[in-house]
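Below is one structure, written out as structure tokens, with a few remarks after it.
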Amino acid sequence: MNKNLVIASLIGLLVIVAAAVFMNMPDNRTAGERVGDAVDTLPQGVDKAAEQLEDRTPAERLGDDIKEGAETTEQKVDKATDGNPKT
């Protein structure tokens, strides 16, 4: 087996394991940080602000950020096309 292939495979495996560990880390925010995040999120709705008070992994927070970004993009596209996808 090629030595470079083995090294690349090991590096790839290490990256995957490191990403999995990072994405499943516990939420280490203090109570003050959680309240601050909730206050910052309040304009987006009470439900989203309440989510900031819960224990959430980085993967869960990243998923919410991606969902929010998709919704924002969709709103901008609708506004730019006046709701007509043909324009």
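Only heavy atoms go into these numbers, but all of them, side chains included; no hydrogens, no water, no symmetry mates. Here the structure is a predicted model, which is why all the values come from computation and not from measurement. For reference, positions follow the sequence shown, starting with 1.
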Spell out, as yes or no, whether a donor-acceptor pair under 3.5 Å connects the side chain of R61 to the backbone of Q52. no
State, yes or no, whether a side-chain contact exists between E54 and E60 at a heavy-atom distance under 4.5 Å. no
Which residues, ordered by chain and number, are linked to L53 in its hydrophobic cluster, where ILVMFWY side chains connect at heavy-atom gaps below 4.5 Å, directly or through other members? V35, V39
Cluster partners of L62, using ILVMFWY side-chain heavy atoms under 4.5 angstrom, listed by chain and number? F22, M23, M25, I66
Side chain to side chain contact (heavy atoms under 4.5 Å, CB included) with L14: which residues, sequence neighbours excluded? none
Give, for atom OG1 of T72 and atom CG of D65, the distance between the pair rounded to the nearest 0.5 Å. 10.5 Å
Does T30 have any side chain to side chain contact (heavy atoms under 4.5 Å, CB included) partners at least two apart in sequence or in another chain, and if so, which? E33
For D55, side-chain hydrogen bond (donor to acceptor under 3.5 Å, both in side chains) partners two or more places apart: R34
Do V6 and N2 have side-chain heavy atoms sitting under 4.5 Å apart? no
Rounded to the nearest 0.5 Å, what separation is found between the CD atom of E51 and the OG1 atom of T41? 9.0 Å
What residues form a salt bridge (charged side-chain N to carboxylate O under 4.0 Å, His left out) with E74, not counting sequence neighbours? none
What's the separation between atom CD in E71 and atom NZ in K76, rounded to the nearest 0.5 Å? 13.5 Å
